[in-house]
Amino acid sequence: MGHGDELVIADGNFPAESNATRYIVRADGHTATAILRSILKLLPLDTYDDCIMFMEPMDCDKGRYPEGKPPVWNEYMKIAQEEEGVENYKTIERFAFYERAKKAFLIVATSESAQYANVILKKGCIKEPLAQ
């Protein structure tokens, strides 16, 4: 993967196999939060652009969540803050998210049971060590 490439961490409901056009990794038995934490240990995010994108809940589901935001998003953002210092995210309408996922370099299919736990990450550059 190069900078600007995107990967999807998909929950257990996401149609990963039918959306993957390049690579798919089956991470059955793992939560999406565990996968996110592991990925961010190795993959820097593109902090110059939208680097975390969530699938927006359907209007009929938004009332199920405080402020229309699934609780798993808070968990993701806590991990992103700890690992990368990222505090902002973007939401993408469900069907637009599917279309963007089809262009992703990789989809990681998890067993995450939380709904709307799908996230697209945009890879940044590996930073060179600071000169001493």
Side-chain angles (χ1 to χ4, degrees):
M1 287 184 67
H3 69 282
D5 280 340
E6 295 179 349
L7 71 84
V8 178
I9 300 175
D11 65 29
N13 294 306
F14 187 81
E17 299 287 341
S18 60
N19 279 289
T21 56
R22 287 183 166 169
Y23 301 103
I24 186 164
V25 172
R26 301 288 322 175
D28 300 315
H30 297 280
T31 64
T33 51
I35 294 299
L36 176 63
R37 186 172 298 281
S38 296
I39 286 172
L40 291 183
K41 297 278 185 202
L42 302 171
L43 182 130
L45 295 176
D46 184 351
T47 56
Y48 302 117
D49 197 0
D50 294 321
C51 59
I52 298 177
M53 295 156 270
F54 297 129
M55 177 189 284
E56 185 176 316
M58 299 291 290
D59 288 341
C60 60
D61 289 332
K62 286 182 182 176
R64 297 173 41 212
Y65 306 111
E67 299 176 19
K69 299 175 186 174
V72 71
W73 292 7
N74 292 330
E75 294 176 52
Y76 284 161
M77 294 311 298
K78 181 177 186 277
I79 293 167
Q81 169 61 33
E82 290 170 1
E83 298 295 335
E84 286 286 308
V86 174
E87 297 181 356
N88 299 314
Y89 64 87
K90 176 181 176 179
T91 60
I92 301 176
E93 184 273 333
R94 178 182 168 201
F95 295 104
F97 189 99
Y98 291 148
E99 290 305 309
R100 191 156 184 167
K102 289 177 183 175
K103 298 173 186 170
F105 183 85
L106 167 72
I107 295 178
V108 180
T110 72
S111 294
E112 179 61 58
S113 60
Q115 287 186 292
Y116 298 104
N118 305 301
V119 60
I120 296 173
L121 305 175
K122 183 178 282 193
K123 184 185 179 297
C125 294
I126 298 170
K127 297 185 176 52
E128 60 188 283
L130 296 174
Q132 297 201 14

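Only a predicted model underlies this, so the values are computations on that prediction, with no experimental measurement involved.
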Does some side-chain heavy atom of Tyr116 sit less than 4.5 Å from a side-chain heavy atom of Met58? yes
Establish whether Leu42 and Met1 are linked, either directly or via other cluster members, by ILVMFWY side-chain heavy-atom contacts under 4.5 Å. no
Is there a continuous path of hydrophobic side-chain contacts, each under 4.5 Å between heavy atoms, that joins Leu7 to Met53? no
Which residues satisfy the salt bridge (Lys or Arg N to Asp or Glu O under 4.0 Å) test with Arg94, sequence neighbours excluded? none
Identify whether Val8 and Leu36 are in the same connected component of the hydrophobic contact network (ILVMFWY, side-chain heavy atoms under 4.5 Å). no
Gap between atom CG of Asn88 and atom CD of Gln81 - 0.5 Å precision: 10.0 Å
With sequence neighbours left out, what residues match Lys62 under side chain to side chain contact (heavy atoms under 4.5 Å, CB included)? Glu56, Pro57, Asp59
Side-chain donor or acceptor of Thr21 paired with backbone N/O of Lys102 under 3.5 Å: yes
Kindly compute the distance separating CD (Glu84) from CG (Asp46), expressed to the nearest 0.5 Å. 10.5 Å
Search all heavy atoms of Thr110 against all heavy atoms of Ala10 and return the closest pair with its distance. OG1-O, 2.6 Å
Is any side-chain heavy atom of Arg100 less than 4.5 Å from a side-chain heavy atom of Met55? no
Would you tabulate the side-chain donor-acceptor contacts of residues 117-124 under 3.5 Å, counting partners in other chains and residues two or more places apart, or write 'none'?
{"from": "Asn118", "atom 1": "OD1", "to": "Asp11", "atom 2": "N", "distance (Å)": "2.8"}
{"from": "Asn118", "atom 1": "ND2", "to": "Asp11", "atom 2": "OD2", "distance (Å)": "3.4"}
{"from": "Lys122", "atom 1": "NZ", "to": "Asp49", "atom 2": "OD2", "distance (Å)": "2.8"}

If you look only at pairs with a residue in residues 21-47, which of them pass as a ring pair (Phe, Tyr, Trp, His ring centres under 6.0 Å), with sequence neighbours excluded? Tyr23-Phe105
Tell me whether Ile35 shares a hydrophobic cluster with Val86, the cluster being built from Ile, Leu, Val, Met, Phe, Trp, Tyr side chains joined at under 4.5 Å. yes
Does Glu112 use its side chain to pair, donor to acceptor, with the backbone of Ala114 at less than 3.5 Å? yes
First locate atom CG of Leu45, then atom SG of Cys125, and finally report the distance between them rounded to the nearest 0.5 Å. 11.5 Å
Would you compute the distance between atom CG of Leu40 and atom CD1 of Ile79 and round it to the nearest 0.5 angstrom? 7.5 Å
Working for salt bridge (charged side-chain N to carboxylate O under 4.0 Å, His left out), residues Glu82 and Lys78: CA-CA 6 Å; Glu82 290 170 1; Lys78 181 177 186 277; 2.9 Å; yes
Measure the shortest side-chain to side-chain distance between Asn74 and Lys69 over non-hydrogen atoms and say whether it is less than 4.5 angstrom. no
Listed partners of Ala16 passing side chain to side chain contact (heavy atoms under 4.5 Å, CB included), at least two apart: Phe14, Ile24, Ile107, Ala109
Does Glu17 form a side chain to side chain contact (heavy atoms under 4.5 Å, CB included) with Arg26? I'd like the steps, not just the answer. CA-CA 10 Å; Glu17 299 287 341; Arg26 301 288 322 175; 3.2 Å; yes
Residue pairs fulfilling ring pair (Phe, Tyr, Trp, His ring centres under 6.0 Å) with at least one residue in residues 31-58, sequence neighbours excluded: Phe54-Trp73, Phe54-Tyr76, Phe54-Tyr89
How far apart are the closest heavy atoms of Tyr65 and Pro70, and which atoms are they? CD2-CA, 3.5 Å
Evaluate the side-chain proximity of Met77 to Ile52: yes if any heavy-atom separation is below 4.5 Å, no if none is. yes
With a 6.0 Å cut-off (strictly less than), is the heavy-atom count around CG of Asp28, excluding the residue itself, greater than 12? yes
